[in-house]
Amino acid sequence: MTHNEQIKQGKTTALVSYILIVGVLIAMSMNADDRNKFASFHIRQAVGLNILFISFGLILSNFNNPYILLGFWIFVLILVVYGISTAINGQQTPVPFIGKLCQKYFKNL
């Protein structure tokens, strides 16, 4: 299978992975049989984004400052939109700040 065919086949799974944590779980089950490398790359990115969102969300919820929370939401939204846009364009570009760590620590996904 060529690289372009692999991207074409894995694009739907890659896009589904960015739909909250439920999307990651659905994408993981969609990718369980054929293990598409393009889809796996984006699943790892989405897992990292979800962990970032949950962990920082728990920490920042202790601060009762709406500006901190708004900044956090905007930051995560920008990273998710970046991940979705790279998946749509058929690219395997890591998400800024955490993308390379996601590829390193979640390489078994």
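Atoms considered below: every heavy atom in the structure, side chains included; atoms not considered: hydrogens, waters and symmetry mates.
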For [Y], is there any backbone N or O sitting under 3.5 Å from a side-chain donor or acceptor partner on [X]?
| X | Y | value |
| --- | --- | --- |
| Gln45 | Pro94 | no |
| His42 | Val16 | no |
| Glu5 | Thr2 | yes |
| Asn36 | Gln6 | yes |

Note, Val47 side chain near Tyr105 side chain (heavy atom, < 4.5 Å):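 No; the side chains remain at least 4.5 Å from each other.
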What distance do [X] atom [atom1] and [Y] atom [atom2] have between them, rounded to the nearest 0.5 Å?
| X | Y | atom1 | atom2 | answer |
| --- | --- | --- | --- | --- |
| Leu25 | Asn50 | CG | CG | 8.5 Å |
| Ser61 | Ile68 | OG | CD1 | 11.5 Å |
| Ile21 | Ile26 | CD1 | CD1 | 11.0 Å |
| Tyr82 | Phe97 | OH | CZ | 11.0 Å |
| Gln103 | Leu101 | CD | CG | 10.0 Å |
| Leu58 | Phe53 | CG | CZ | 9.5 Å |

Can you confirm whether or not the ring centre of Trp73 sits under 6.0 Å from the ring centre of Phe56? no
For [X] versus [Y], what's the shortest heavy-atom pair and its separation?
| X | Y | result |
| --- | --- | --- |
| Lys37 | Gln92 | O-NE2, 3.7 Å |
| Phe106 | Arg44 | O-CD, 2.7 Å |
| Tyr18 | Ala87 | CE1-CB, 4.3 Å |
| Ile43 | Met28 | CG2-CG, 3.7 Å |
| Asn31 | Ser40 | ND2-OG, 2.8 Å |
| Ala46 | Ser17 | CB-O, 3.1 Å |

Quick check on the hydrophobic clustering: are [X] and [Y] connected, directly or via other members, by side-chain heavy-atom contacts under 4.5 Å?
| X | Y | result |
| --- | --- | --- |
| Leu77 | Ile84 | no |
| Val80 | Ile51 | no |
| Ile19 | Ile78 | no |
| Val76 | Val95 | yes |

Flag yes if more than 12 heavy atoms outside Asn89 fall under 6.0 Å of its CG atom; otherwise flag no. yes
Would you mind telling me which of Leu20, Ile54, Val24, Ile98 makes a side-chain contact (heavy atoms from CB on, under 4.5 Å) with Leu49?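 Checked Leu20, Ile54, Val24, Ile98 against Leu49; only one passes side-chain contact (heavy atoms from CB on, under 4.5 Å): Ile98.
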